[in-house]
Chemist: 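Please read through the structure below; I'll follow up with questions.
Everything numeric in this text was worked out from a predicted model, so none of it was measured. Any value given below was found using the heavy atoms of this structure, including those in side chains, with hydrogens, waters and symmetry copies removed. Letters A, B, ... mirror the listed sequences (proteins, then strands); counts begin at 1.
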Amino acid sequence: MEFSKSLIQWYLQNKRDLPWRKTIAPYQIWLSEIMLQQTRVAQGTPYFLKFIEAFPTVNDMAAAPEEQVLKLWQGLGYYSRARNLHATAKQVAFEMGGEFPDSYQGLLQLKGVGDYTAAAIASIAYGEPVPVVDGNVYRVLARYFGIETDISSSGAKKQFTEVAATLLPKGRASEFNQAMMEFGALQCVPKNPDCSICIFNAECAAFLTGRVNQLPVKLKKTKVTNRFFNYLIIKDAAGHTVVNKRTAKGIWHNLYEFPLIETEGEVSEEKMSEIIMRYFNEPTRPSGTPPEEGKATHAERAVGFTPKRITLLHPERILHKLSHQHLSIRFWEVEAGVALDKAISRGEAMKYPFPIVIYNFMERYWALNANDLFSANLD
DNA sequence: AACTCGGGGGC
DNA sequence: GCCCCAGAGTT
C-alpha cells in the first residue's frame, strides 16, 4: 500500500481526541496552530480551552486589550506569538469583516503565520492541498527516506516540503497533514521509538539500516548566555509595590516585572545590598535628558526614597532556564517607609501579565508572611 | 544564514 | 545535562 494510504489508515485508528479537532473553523484552527508552535499538545491544550472560553470568536479577541491576551498567555512562552495573535485578530476583525483569508497565500500575510501555520490552516480549514513541514514531518520523512540533510540548514525546508508535496494525496490534505504530525508525535518519536510495532518497519530506510537514532540530522546548537537578575519587591507604607512594563526588545517584551537590577555576574549578598541602596539614592535624571540605553528611567524606578530595610527573600538563587538564556534570579524586599504614588496593591499587581518565574514567586511570597519564608520550600 | 524568542517534559 | 516540542520574525 502506498505511504499516504497506510499513514491515514494508521491515523484514523490512533488519533487523539483533541479539542481543535472538533471543528474546521479557521479561527479555532488558527488559534490552536499558533499555540502549538514549538509547544507540546499537553502544554498548549489548557490554554486553548481558556482562550476559546474567553474569546469565542475572533471579534471577541480583537475587542480585548493586548494585556488581557498576554495575561491569558502567561506561562506559555514565546510571547511574540500572543502579541501577533492579538494584532492579527484585530486585522481580521476590523479590516476583513471577521473572515480569515481563504487561501495559503492569503493566510501567509498574517502576523505570526509562517509557512507551516499557513499550510496547516489552509489544509485543515479549507482542504487546500499544501503540505505542512514541522518537526514531526522532518523526523518522519528523514527516517522513512533516509534523508541526511541537516534540518537546521537553509535548504532543508524546501527539500522536505517538496518530498511531502509528492506524498500528499489530493483531496485528503487535511487528514494527511494531521496524520504526519500525529505519527511523529505518537509513533515516530524523537528518542527510542518502538519500531517493532511500526507499520512502516518493513520499508523505513532508517530502521532497515539501523539509523533511527541518527535521523534526522540536526547540527546547529543554540548557545546559552548566563544573566543575573535582582528583582526589587518594593513594600511601601501601605504595603503596596511597584511593577514596570518591559518595553525594550528582548525576552518578555510587554510583560511586567519588578524594578530590576541586572549584574554582570554573581554578586555577594552584602555587595548587592549596597548596590540596591545606591540605586535608590542616585540623583534624579535632569528633565529633558534621554534615558541611558537599557537603563530604567526615573519614573520606572520609583526612586525618591531611602530604603528603610533591604531583605533577601530567598537564600538560594532561583535558576530559570530558557532555551538560550540561563537566568539566576534573586528577589529582594525593599521597605520604603513612606507611601509611594506609583505603588499598587498586591492584588492589583497579580492581574498583570508576568513571566511565569516571577508570577510563581509572587504567589508563594505573598501567600506567606516574612517569617515563614526561609523555612518554606520555594523550589 | 544566523540569532532571538519560553517554558516544560522525557530520558 | 541535553534535546525536542503542530515555528516565526529580525538582523
Chemist: In whole Å, measure the gap between the C1' atoms of C:dC4 and B:dC5 for me.
Modeler: 16 Å

Chemist: Measure up the A:Trp30 and A:Phe100 rings against each other and bin them: parallel (under 30°), tilted (30 to 60°), perpendicular (over 60°).
Modeler: tilted

Chemist: How close or far is atom C1' of B:dG7 from atom CE of A:Met35, stated in whole angstroms?
Modeler: 14 Å

Chemist: What is the distance from CG of A:Asn213 to P of B:dG10, rounded to the nearest Å?
Modeler: 18 Å

Chemist: From C-beta outward on A:Asn192, which listed nucleotide comes closest to its side chain: B:dG9, B:dC11, B:dC5?
Modeler: B:dC11

Chemist: Using a cut-off of 4.0 Å on non-hydrogen atoms, how would the nucleic acid contact of A:Asn177 be classed: base, sugar-phosphate, or nothing?
Modeler: nothing

Chemist: Do A:Glu257 and A:Tyr231 get their side chains close enough for a donor-acceptor pair, meaning under 3.5 Å?
Modeler: yes

Chemist: If we ignore angles and hydrogens, is there a donor and acceptor under 3.5 Å between the side chains of A:Gln68 and A:Lys71?
Modeler: no

Chemist: Does the plane of the ring in A:Tyr138 sit parallel, tilted or perpendicular to the ring in A:Phe160? Use 30° and 60° as the thresholds.
Modeler: perpendicular

Chemist: Under a criterion of less than 4.0 angstrom to any heavy atom of chain A, what are the 5'-terminal and 3'-terminal contacting nucleotides of DNA chain C?
Modeler: C:dG1 to C:dT11

Chemist: Nearest-Å distance, CD (A:Gln37) to P (B:dG8)?
Modeler: 18 Å

Chemist: When rounded to the nearest Å, what value does the distance between C1' atoms of B:dG8 and C:dG9 take?
Modeler: 23 Å

Chemist: Taking for each residue the nucleotide of DNA chain B with the nearest heavy atom, is it A:Ser152 or A:Leu327 whose nucleotide lies nearer the 5' end?
Modeler: A:Ser152

Chemist: Should stems be defined as at least three consecutive Watson-Crick or G-U pairs with both distances under 3.5 angstrom, which of them involve DNA chain B?
Modeler: B:1-5 with C:7-11, B:7-11 with C:1-5

Chemist: Using a cut-off of less than 4.0 Å, is there contact between a side-chain N or O of A:Trp73 and OP1 or OP2 of B:dG7?
Modeler: no

Chemist: Assess, by modelled atom type and distance only, whether the side chains of A:Ser196 and A:Asn201 contain a donor and an acceptor separated by less than 3.5 Å.
Modeler: no

Chemist: Does a donor on one side chain sit under 3.5 Å from an acceptor on the other, for A:Gln28 and A:Thr23?
Modeler: no

Chemist: B:dT4 phosphate, OP1 or OP2: any side-chain N/O from A:His324 under 4.0 angstrom?
Modeler: no

Chemist: Considering heavy-atom distances to DNA chain C, does A:His326 or A:Leu108 have its closest nucleotide positioned more toward the 5' end?
Modeler: A:His326

Chemist: Classify the nucleic acid contact of A:Val137 as base, sugar-phosphate or nothing, counting any heavy atom under 4.0 Å across all strands shown.
Modeler: nothing

Chemist: Checking A:Glu162 against A:Thr166: is there a side-chain donor and acceptor pair closer than 3.5 Å?
Modeler: no

Chemist: Do A:Tyr116 and A:Gln37 have side-chain atoms, one donor and one acceptor, less than 3.5 Å apart?
Modeler: no

Chemist: Indicate, with a heavy-atom threshold strictly under 4.0 Å, whether A:Gly75 touches base, sugar-phosphate, or nothing.
Modeler: sugar-phosphate

Chemist: Check the distance between B:dG8's P and A:Arg81's CZ and give it to me in whole angstrom.
Modeler: 12 Å

Chemist: Using a 4.0 Å heavy-atom cut-off across all strands, classify A:Ile34 as base, sugar-phosphate, or nothing.
Modeler: nothing

Chemist: Specify the separation, in whole Å, of atom CG of A:Asn84 and atom P of B:dC5.
Modeler: 15 Å

Chemist: Think A:Ser323 has a side-chain N or O under 4.0 angstrom from the OP1 or OP2 of B:dG6?
Modeler: no

Chemist: For nucleotides B:dG6 and C:dC3, find the distance between their C1' atoms and express it as a whole number of Å.
Modeler: 15 Å

Chemist: Hydrogens and angles aside, do A:Arg81 and A:Gln38 bring a side-chain donor and acceptor to less than 3.5 Å of each other?
Modeler: no

Chemist: Ignoring hydrogens and angles, answer whether the base of B:dG7 and the side-chain atoms of A:Thr39 contain a donor-acceptor pair closer than 3.5 Å.
Modeler: no

Chemist: Does OP1 or OP2 of B:dT4 have a side-chain N or O of A:Gln325 closer than 4.0 Å?
Modeler: no

Chemist: Salt bridge (Lys or Arg N to Asp or Glu O under 4.0 Å) for A:Glu66 and A:Arg83? Distances and angles first, verdict last.
Modeler: CA-CA 7 Å; A:Glu66 180 186 276; A:Arg83 299 191 302 270; 5.6 Å; no

Chemist: Send over the distance from A:Arg40 CZ to B:dG8 C1', rounded to a whole Å.
Modeler: 8 Å

Chemist: Looking at every strand, decide which applies to A:Thr117 at a 4.0 Å heavy-atom threshold: base, sugar-phosphate, or nothing.
Modeler: sugar-phosphate

Chemist: Heavy atoms only, 4.0 Å cut-off, all strands: where does A:Gly184 land among base, sugar-phosphate and nothing?
Modeler: nothing

Chemist: Please classify the nucleic acid contact of A:His253 as base, sugar-phosphate, or nothing, using heavy-atom distances under 4.0 Å.
Modeler: nothing

Chemist: Within the 4.0 Å heavy-atom criterion, would you say A:Arg139 contacts the bases, only the backbone, or no part of the nucleic acid?
Modeler: sugar-phosphate

Chemist: What is the distance, rounded to the nearest whole Å, between atom CD of A:Gln74 and atom C1' of B:dC5?
Modeler: 17 Å

Chemist: Take the protein atom CG of A:Leu322 and the nucleotide atom C1' of B:dT4, then report the distance between them rounded to whole Å.
Modeler: 11 Å

Chemist: Toward the 5' end of DNA chain B, which comes first, A:Lys223 or A:Gln43, by nearest nucleotide?
Modeler: A:Lys223

Chemist: Would you call the rings of A:Phe305 and A:Phe280 parallel, tilted or perpendicular, taking 30° and 60° as the class edges?
Modeler: tilted

Chemist: Tell me whether the rings of A:Trp10 and A:Phe183 are parallel (<30°), tilted (30 to 60°) or perpendicular (>60°).
Modeler: perpendicular

